[in-house]
Amino acid sequence: MTTELSTTFTPADIETRWYKHWEETGAFRPERPDAEPFTIVNPPPNVTGSLHIGHALDNTLQDIVIRYERLRGKDALWVVGTDHAGIATQMVVERQLEERQDKRTNYSREDFIAKVWDWKAESGGQITHQLRRLGCSMDWSREQFTMDPHFDKAVLKTFVDLYNDGLIYRDKRLVNWDPKLKTAISDLEVETQDIQGSFWHFKYPLEDGVTFADGRDYIEVATTRPETMLADMAVAVHPDDDRYASVVGKHVVLPITGRRVPIVADEHADPELGSGAVKITPGHDFNDFDVGKRAGFVAGEMLNMLTGDGDVCQTADGLVPDEFLGLHRFKRDGVDGARELVVERLKEAGLLIPHIAKTKKDEEVEHDAEPRKIATPYGDRGGVVIEPWLTDQWYVDAEKLAAKPIQDVRDGTIEIVPKSWEKTFFNWMENIQPWCVSRQLWWGHQIPAWFDKDGKVYVAPSEKEAQAQAGEGVELTRDNDVLDTWFSSALWPFATLGWPEEKQPLLDKHFPNNLLISGFDILFFWDARMMMMGQYNMGRAPWPKLYLHGLVRAADGAKMSKSKGNVVDPLGLIDQYGADALRFFMAAMESQGRDIKMDEKRVEGYRNFATKLWNATRYCQSNGIGKSTTIKAPPARLAANQWIIGEVQSVCSEIESAMEDLRFDAAANAIYQFTWSKFCDWYLELIKPVFGGEDTPASTETREVAGWALDQILVMLHPFMPFITEELWHAQGDRKDDLILASWPNPRAQVSKEATDAIEWVIDLTTNIRSAKNELGISPGAKLAAFLPEASDLAASTVERSSAAIERLARLTPVTLGEAPAGPAMQVTALSDVFVIPLEGIIDISEERTRLEKALAASQKEAKSLEGRLSNANFIERAKPEAVEKAREDFAHHAGEAERLTAALERLG
RNA sequence: GGGCGUAUAGCUCAGGGGUAGAGCACUAUGUUGACAUCGUAGGGGUCCCAAGUUCAAAUCUUGGUACGCCCACCA
């Protein structure tokens, strides 16, 4: 029995109810031990996160895939969980402490970490709740967290193995240091921004007794970072730069510190830039670090003049004047920093070379520095300028780990979709730098390394084992640092399935996964590292296919960001239009290789689509059309029924091939067009006359076919719009199973060509009559008489078999096969048949003549163009036979049409 | 400095060697008891520019132009 539907569709009324039902009944992970597995893992959102529009896109696409595969009978597993997000989470909890005038360092490490766990227990579930609102059918029963105990094991094992294989090592070198978060970060976490800065020119005095040939006793250097001169260790000039050849090997005496440093020749110095001489600060600049090494300094000797906060501290040689100590590197909160003071002191000493600028009036004006755009590195989390800082950190030898993933993509073991990303992937992977994985945080996986008093390191999965390595009685201290969050999430495709435990049927069955869907923005952060760790730990690629989607942008095409205030909240859209509408929008807009611009009108349009389906179902119910009992198409004799069965088959294969290619837009549009333009606009209209009176074999057959077709729509639409389809599925009758676990259509019915031709004919007739009426200003409701003087076989049989539909849709009285009475009439075609519709007293005959002439002109134009092509010998000879055949058919059609219209005009007189 | 992408209707976008599509917007209209969150009909495009390949180019090639993104140490 069907359940009566309310007259309006309100998404909020059904969404929570169905989600709860699915989750409680285990529908997201049905027992299918013998089925072919299909596995995807969800990019674990930060546990601190809330659902943004990008998550909505990413997870909608994944849910469409997993629901589709589940309907196709696979053992579909969508692994879900959250990421402990080291920096982000620690920041959230620290901010909470700050609000209470408290701070992290008031606590022991253990106590602070306990607070973070408390926070997670209380507030960490927001995003998982929001994913549920989107309708995502993940396996919540196995929800993962990157700091679960079994995940710890996976991380420890990976670290120790990599260390033992020489692929993780400790090194002292410059790192990207975030002075706000006081931790090292990786290259990828640095974002370069062009900001307006200054380029200062200074005189560095040469040591006593050294001058240039012209008597000049200083060397000019230019810099954007004057403050770091407190740790300068050299001045570099290009080896081929004749201007400086005479002073290479000599020394300068640095202003302020009085440090005596050499002038060295190094290719790094660009003769074209500034004066061609550059100050070298190996401890605070990546290039200078390399120059310094080439000049013979070892890392341990390189001077450091900044604390981890970015404040000035004393250098090892003790030459920094007291007035600098404790100043911040730059001006901060209106207080001058070391930069400003250095400039001031040099200016006072007459060592600043002013920049001469011309005003608009061509007057010369002196400035302290030349204005200049400077590419400045910022930390992506802390948002402050990164300081290259000399520290000991742990590095992963990414270059070695990258070799197999590169090969996997190269030989097709991993397919990247869209393919255009491959180049970007190769470009990065082939130039990959060592990955700094240690972070000076408390929240995260603590590095499994212990040091003895002499600084010797012991890496082991536990302190006990480290102690065993070190020998009894050796006092060990554990490394305080934790690992980069991405180190653990790189293990996601297998650590979530139980690796490295020995016996893991789940792992055996579901690794490798079948597909990874992610935004291109984490291609390097996450996807590439999963490839590396998959190969390293499991010996194979984690998935055979990587689908990369774009960003969701604001309506004006700008990137959404909190600071711009143009962020669209997906939850707000769900509240307003329903999750189904938002999901459908995401799918319909997801063409490969392009970002999605937010378009709320379109979301509204898909809400309307849901309403349309709702009302179509209500109509079905009011005519006794309920659930279908078969998966196979019911037997059908009526033309309309055969036609819709054929159309279901064709849309089904269209969707299947779109899904095979991961063309979400094509799949969504196919089901949309079928449902609205075929099923609602034509099929439901065609069958209306059948339900006029008593039950007949025709009405029984039609109810069965219509119920079946609607069921197929619900199944095919379900991956895109899970909520409304599930609701309607049950409203259509009592069912053993929920739609989420139903079977994908498999229609292989025979459909006669005659039947489908007949429906095409009725549709053409109806459209043409409506159009003609409109053009002639005849009321659309007017019921007209129609005559077919020369009916084709198709016309004759269709008029006989589908008279009720024709009369209703085309608004005709019963069609007469035969001549029309003399008098004014309009001529309307249906495929190749010409109807004569008397219009005595209804219209002016000249209007009809105009209409026909217009149509004739159009047909003749087409026919002429085709004729021209067909009379071209080159075309006949060289074009593909199908193209020639097609052109002939088209010509015949248009020429025939022109003929018919000419005849019609003649009849008009 | 490298690499990638995009230019198609007023807007947002599909498509693609045989003469152009969708949704929204627009115009006209409201007949048939699912639906006005709707129906019906319609208007609207030198497919960025130029050259080349081809019987045929919006589609392929090359070169421009414009916009966007990513990577890179220019002090």
Side-chain angles (χ1 to χ4, degrees), chain A residues 5 7-9 187 192 199 221-225 228 236 268-270 272-275 277-281 285-291 372 374-375 377 388 418 420-421 423-424 426-428 431 520-521 523-524 550-551 553 555 557 559 577 588-589 591 593-599 601-602 604-623 663 665-666 669 672-673 677 680-681 684-685 688-689 766-767 770-775 777 779-783 807-809 811 862 865-866 869 872-880 882-884 886-887 890:
Chain A
L5 294 164
T7 48
T8 52
F9 166 51
D187 299 347
T192 307
F199 197 38
V221 296
T223 181
T224 57
R225 296 214 56 192
T228 61
H268 165 67
D270 179 354
E272 306 291 317
L273 195 64
S275 63
V278 58
K279 70 193 237 1
I280 298 299
T281 322
D285 183 284
F286 287 101
N287 289 312
D288 293 4
F289 181 82
D290 293 337
V291 176
R372 193 184 178 90
I374 300 171
S420 53
W421 283 104
K423 246 192 168 154
T424 308
F426 289 134
N427 190 38
W428 187 70
N431 296 292
F520 66 73
D521 51 328
L523 172 59
F524 304 143
L551 253 47
R553 299 178 165 275
K559 213 166 164 173
Y577 304 106
M589 298 307 289
S591 56
R594 201 198 266 261
D595 287 346
I596 293 178
K597 266 184 216 165
M598 196 57 228
D599 183 354
K601 290 292 286 181
R602 200 143 179 153
E604 186 186 342
Y606 293 126
R607 189 273 319 266
N608 296 352
F609 174 58
T611 306
K612 182 81 183 177
L613 178 65
W614 182 270
N615 284 312
T617 308
R618 283 179 55 224
Y619 168 76
C620 286
Q621 294 191 346
S622 69
N623 284 289
R663 286 306 305 247
D665 56 342
N669 287 326
Y672 179 95
Q673 291 299 339
S677 310
C680 292
D681 287 352
L684 291 184
E685 296 302 327
K688 275 179 182 174
T766 306
T767 309
R770 283 173 180 165
S771 177
K773 276 181 170 175
N774 198 282
E775 251 176 282
S779 154
K783 248 185 143 136
E807 285 155 30
R808 183 190 177 94
L809 290 177
R811 301 292 294 165
E862 290 289 333
S865 144
L866 287 158
R869 204 186 310 162
N872 179 345
N874 276 326
F875 174 68
I876 306 292
E877 274 170 39
R878 301 191 182 189
K880 281 181 294 197
E882 307 93 86
V884 177
K886 172 88 169 24
D890 289 353

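The structure presented is a predicted model; accordingly, all values stated were derived computationally and were not measured. Order of the sequence lines sets the chain letters (A, B, ...), proteins ahead of strands, with each chain counted from 1.
Take the nearest nucleotide of RNA chain B for A:Asp890 and for A:Arg663: the residue whose nucleotide is more 5' is A:Arg663. Heavy-atom distances to RNA chain B give each of A:Arg808 and A:Gly593 a nearest nucleotide, and the one nearer the 5′ end belongs to A:Gly593.
Checked against side chain to side chain contact (heavy atoms under 4.5 Å, CB included), A:Asn427 has the following partners two or more places apart in sequence or in another chain: A:Asn431. With sequence neighbours excluded, the residues forming a side chain to side chain contact (heavy atoms under 4.5 Å, CB included) with A:Ala375 are A:Thr192, A:Asp194, listed by chain and number. Partners of A:Tyr619 by side chain to side chain contact (heavy atoms under 4.5 Å, CB included), not counting sequence neighbours, listed by chain and number: A:Ser622, A:Asn623, A:Leu684, A:Lys688, A:Phe691.
For the OP1/OP2 pair of B:C13 and a distance below 4.0 Å, the side-chain nitrogens and oxygens of A:Lys597 include at least one atom meeting the criterion. Between B:C4 and A:Lys423, a contact under 4.0 Å exists linking OP1 or OP2 to a side-chain N or O.
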Atom pairs under 3.5 Å: protein N/O with N/O of nucleotides 70-75 of chain B:
| unit_1 | atom_1 | unit_2 | atom_2 | d |
| --- | --- | --- | --- | --- |
| B:C73 | O2' | A:Asn287 | ND2 | 3.0 |
| B:C73 | N1 | A:Asn287 | OD1 | 3.2 |
| B:C73 | O2 | A:Asn287 | OD1 | 2.8 |
| B:C73 | O2 | A:Asn287 | ND2 | 3.2 |
| B:C74 | O2 | A:Asp270 | OD2 | 3.4 |
| B:A75 | N6 | A:Asp270 | O | 3.1 |
| B:A75 | N6 | A:Leu273 | O | 2.4 |
| B:A75 | N1 | A:Asp270 | N | 3.1 |

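Side-chain proximity of A:Arg618 to the nucleotides B:U19, B:A34, B:G68 is greatest for B:A34. Comparing B:C35, B:A22, B:U19 by their nearest atom to the side chain of A:Asn615 picks out B:C35. Closest to the side chain of A:Phe875, from the set B:U12, B:G18, B:C35, is B:G18.
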Quiz item: For RNA chain B, what string of dots and brackets results from 5' to 3' when Watson-Crick and G-U pairs need both distances under 3.5 Å, crossing pairs get [ ], and pairs with another strand get |?
Solution: (((((((..((((....[..)))).(((((.......))))).....(((((..]....))))))))))))....
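Counting only distance, with no hydrogens or angles, the side chain of A:Asn615 and the backbone of A:Thr611 share a donor-acceptor pair below 3.5 Å. Judged by distance alone, the side chain of A:Arg811 and the main-chain N or O of A:Gly781 form a donor-acceptor pair under 3.5 Å.
A tilted orientation is assigned to the rings of A:Phe609 and A:Tyr672, their planes being inclined by 30° to 60°.
If you check every strand for non-hydrogen atoms under 4.0 Å, A:Lys688 touches a base. Across all strands, A:Ala887 comes closer than 4.0 Å to no nucleic acid atom at all (heavy-atom distances).
Checked by distance alone, A:Arg594 brings no side-chain donor or acceptor within 3.5 Å of a matching partner on the base of B:U6.
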Quiz prompt | Derivation of the side chain to side chain contact (heavy atoms under 4.5 Å, CB included) call for A:Asp665 and A:Met589 | solution = CA-CA 6 Å; A:Asp665 56 342; A:Met589 298 307 289; over 6 Å; no
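A cation-pi arrangement is present between A:Arg372 and A:Phe199, with the terminal nitrogen or guanidinium carbon under 6.0 Å from the aromatic centre and inside a 45° cone about the axis.
Atom P of nucleotide B:G5 and atom CZ of A:Arg553 are separated by 16 Å, given to the nearest angstrom. The interatomic distance linking A:Leu551 (CG) with B:G68 (P) rounds to 15 Å, in whole Å.
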Practice problem: Mark up nucleotides 38-44 of chain B, 5' to 3', with B wherever a protein heavy atom is under 4.0 angstrom from a base atom, S wherever such an atom reaches only the sugar-phosphate, and - elsewhere. | Solution: SSSSS--
